[in-house]
Amino acid sequence: MIILIGKFSRWRCLVCAGLLFCLSSFAFGQENLVIPEIGGVPALEDFAGMEPVTPLARSMALVENFIQREPHDGEPSSERTEVYVGYDRTELHVVFLAFDSEPEGVRANLSSRENIDGDDSVAITLDTFNDQRAALTFRSTPLGVQWDARWTESASEFDTTFEAVWDSEGRLTDDGYMVRIAIPLRSLRFPDTSEQTWRVQFARNVYRLSEWSYWPRFTIDIEGRLNQTAMLNGIREVSPGNNYQIIPFLFAREAEVLNRNTAVGPGFETTGEQELGIDAKFVFNDSMALDVTLNPDFSQIESDEPQVTVNERFEVQFPERRPFFVENADFFATDSTLVFTRRIIDPEGGLRFTGRSGDYGFGGIVVNDIAPGQGRADTDPLAGEKANIAILRGFRDFGEQDRYGFLVSDREFGDGYNRVASIDGRIKLSENWISQLQVIGSETEPYSGDGETHTGVQYNFQINHVGRNWNTRTHFIETSPGFRADLGFMNRFFRPDTSGMRQRIAYTWFPEDVPLNSIATTWFGVYLEDWAGTKIYHQNGPGFEFATDSTVLHLGWTGYNEILRPGDYSGLMATQNHDYDDWQIEFENNSLNTLEFGLGYRWGKTLNLVPAIGVMPYVADHGRVTADALWRPTDRLRVSNTYLYTDVRNSGGAQIFSNEIVRSNWNYQFTREWSLRFIAQYEETRGGPLTRLEDERNLNFDLLLRYVINPWSAFYAGYNSNSSNFEIVEYEGERELVNASDLRRDGDQFFVKFSYLFQR
């Protein structure tokens, strides 16, 4: 039986009492936009000379008078923007006329889809259910390069894993640029009613000025985005219909890789792989979607960005981009990440159903995963077994932006299981205060079936203030020792046997008559203890940030107190208490049209978690250099470079280890569809007698030719080669893999992938 109750600390009681006292909802003043049904499909030629010159163009609704949010909240946009909006029975049509007093300063480059960093852009955000909880954003550069995302109000962030099929084109002019966007109604979900009531927001980014302006006004004085949108009316008698999308895919590769565990020792193997699978989506009643996947397409075309993982205690989270899990992913999102779908590694098939009806939302996932049973010894009773997974989510919206919901998940593998049940709520207290509450219980039976059953509970409360000057975030999380969430993601703050508070307080000045847009000071503090009340971690650090139109400078200091207990580190017999601190300086600049860069440096102390074998962790000196540069020598070539260097030394100055990562990503865009990408990445770890780390070097080359019509219709042909410092030696008839000083190829592969979207 899942336990949803437990001890209540003084902190938790005070937070709950405060939240219950404040429960209320507030409505905000808002604009209203009525758009007409138009008798044709607008083209940029209808707006020749940056004005509506045809009857069709003049029949569209006009939006203008954008207001800045950044850098000068409340002031008129520095550059004029006009938006013309209309619809027909199949598409929503939007045309942006983005005037610019310095048209040569408009930043526009031909790049692959969603790689629009550094370019000017315009966008439309649509809340088609008028619930102020989630919305879709469609953004385009002056050359029509697309970027889309799902905005979730509870998380206050964009989820770029959302992918939709829509049309865009852009054109530079002597007065700025024009962009046309056409969004098929079948790419949207909305209520099944004769007259639609949506919410809308338009945005423009002038990159050289670091300026974001919006219509209607989207001010930093008020918490939330969707509560500051305009009402969109006038759309009648439309429907995405009961449509379907079928996406078959073919993936094939030939590879020669080093296998460390062959029957005769390490050696090279040549392997071939051909995969055929299908993803399908069926939409009915306008707002409900059924997703089906058979042998799903989980191949990874884009490599992950480099990160330093040496000397890190906790897992790193990567975003989900697999098609089956993307649709309505926010339905399953709660503040505690209970559904982290990258835990589902290799399913054979699955079903997913999501939808809305009035104030209610619901979703379910049923899928299996063959990965847990693979790679096990034949004598292992779990060899070849599959994990079966089921997730159920439901919620109800109240008032303007309140929401209460539940989530249940079950992962069955072998004779064991992990079951999690959660109730959660998001409460809008006022125009500046927001809170979230979540209580979760879990029950776990070991998968081997011969261990003790564990039950646990987690409490997660937060209350935040958002305003022009003052911003605060207070977050309390308490997790019992027996809590498990095998489908979730738990970092330092959410892990079992942890209880504590995170607090962030920031104050921002907006000075006048000086060449600074803002000056911000921030304090961030963390206090964690275990379930018994013993302190296990403390963090305390002020920071300062200075911003101009093109430059940001950050200065900070952080002090740490970290306690390691027996069980936190292998071989540790007694509790250790470690105090250390470091300084940070970061600088970013985008003043040049063809180059933007960032530099960072951290220095001070760190906790060495990889000492020599037999030595327990201790505080050491460390320094870390980070550098990023985006160079665009032409409007078709994009070169992104990253450099990371970490150095850790003992108190006597002797090096314990160093880690260096260099990555260069070159992308040439022939057309909006065709591109060629080359990535080179080199990583080197230098160990020594003061660490258990060995010397490791790795060099990877990645070449990829792409033809992308839309996110689901694409052709890829790629080659990958990897080298590392190893040598195969033979001794008494046996082969052994040892470290070497020279790099040798340990694998390469050639692959092709093709997918195509059929839809109605």
Side-chain angles (χ1 to χ4, degrees), residues 92 125-137 148-155 159 161-165 183-199 226 235 238-247 279-293 296 320 322-334 338-339 341 344 349-367 389-398 401-410 422-426 487 712 757 759-760:
L92 178 69
T125 296
L126 295 169
D127 173 5
T128 56
F129 287 95
N130 186 26
D131 61 12
Q132 304 178 53
R133 274 80 176 181
L136 303 178
T137 293
D148 50 24
R150 178 188 293 105
W151 172 266
T152 304
E153 195 76 4
S154 59
D159 176 9
T161 60
F162 168 76
E163 305 278 12
V165 177
I183 305 171
L185 296 179
R186 64 184 176 187
S187 292
L188 304 174
R189 308 286 177 262
F190 48 82
D192 183 12
T193 59
S194 60
E195 182 169 356
Q196 298 295 316
T197 300
W198 298 354
R199 286 178 173 268
L226 300 183
I235 301 179
V238 298
S239 171
N242 297 331
N243 63 77
Y244 65 81
Q245 298 178 0
I246 307 294
I247 311 170
D279 287 315
K281 182 187 303 295
F282 303 91
V283 178
F284 48 94
N285 291 341
D286 298 332
S287 59
M288 301 180 186
L290 174 66
D291 291 87
V292 181
T293 187
E320 176 64 86
R322 298 174 292 182
F324 176 70
F325 295 113
V326 168
E327 170 88 8
N328 287 337
D330 58 297
F331 275 42
F332 303 94
T334 60
L338 302 180
V339 180
T341 50
I344 306 170
L351 298 173
R352 194 171 69 117
F353 182 75
T354 56
R356 290 189 59 100
S357 178
D359 292 329
Y360 294 89
F362 39 87
I365 298 175
V366 178
V367 67
I389 296 158
I391 304 168
L392 179 64
R393 170 66 166 163
F395 57 79
R396 188 183 191 281
D397 295 332
F398 293 86
Q401 287 190 294
D402 294 357
R403 171 176 287 181
Y404 302 92
F406 73 90
L407 187 145
V408 179
S409 69
D410 180 30
S422 165
I423 55 175
D424 61 277
R426 181 181 189 272
L487 294 175
W712 315 123
L757 169 64
Q759 63 178 338
R760 183 188 66 83

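The shown structure was predicted, so the numbers you read here are calculated from the model rather than taken from an experiment.
Atom CG of D397 and atom CZ of R356 lie 5.0 Å apart (nearest 0.5 Å). Between D131 atom CG and Q401 atom CD the span is 9.0 Å, to the nearest 0.5 Å. Remark: I389 CD1 to I365 CD1 distance equals 9.5 Å, nearest 0.5 Å. Between atom CD of residue Q196 and atom CG of residue L92 there is a gap of 11.5 Å, rounded to the nearest 0.5 Å. Atoms OG1 and CH2, on T137 and W151 in that order, are 8.5 Å from each other to the nearest 0.5 Å. Rounding to the nearest 0.5 angstrom, the gap separating the OG1 atom in T293 from the NZ atom in K281 is 10.5 Å.
With F332 as the aromatic partner, R393 does not meet the cation-pi criteria of under 6.0 angstrom to the ring centre and within 45 degrees of the ring axis.
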Candidate pair Q132 and E153, rule side-chain contact (heavy atoms from CB on, under 4.5 Å), full reasoning: CA-CA 7 Å; Q132 304 178 53; E153 195 76 4; over 6 Å; no
Verdict with supporting geometry, I246 and W712, side-chain contact (heavy atoms from CB on, under 4.5 Å): CA-CA 10 Å; I246 307 294; W712 315 123; over 6 Å; no
Audit row: I423, Y404, side-chain contact (heavy atoms from CB on, under 4.5 Å) steps and yes/no: CA-CA 8 Å; I423 55 175; Y404 302 92; over 6 Å; no
Verdict with supporting geometry, L188 and I183, side-chain contact (heavy atoms from CB on, under 4.5 Å): CA-CA 8 Å; L188 304 174; I183 305 171; 4.0 Å; yes
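A pairwise comparison of heavy atoms in L226 and A134 identifies CD1-N, 3.5 Å as the closest pair. In terms of heavy-atom proximity, S409 sits nearest to I391 at CB-CG1, 4.1 Å. The minimum heavy-atom distance between D148 and F162, with the atom names listed, is OD1-O, 3.0 Å. Nearest heavy-atom pair, F129 versus R189, reported as atom, atom and distance to 0.1 Å: CE1-O, 3.4 Å. Nearest heavy atom pair, residue P184 against residue V165, reads CD-O, 3.4 Å.
In this structure, F353 and F362 have parallel ring planes: the angle between them is below the 30° cut-off, well short of the 60° mark.
A heavy-atom distance below 4.5 Å is not found between the side chains of L185 and I235. Proximity of Q245 to L757: side-chain heavy atoms (C-beta onward) are separated by under 4.5 Å at one or more points.
Distance alone, capped at 3.5 Å, places no donor-acceptor pair between the T152 side chain and the S154 backbone.
For the 3.5 Å distance criterion, the side chains of Y360 and R396 qualify, holding a donor opposite an acceptor.
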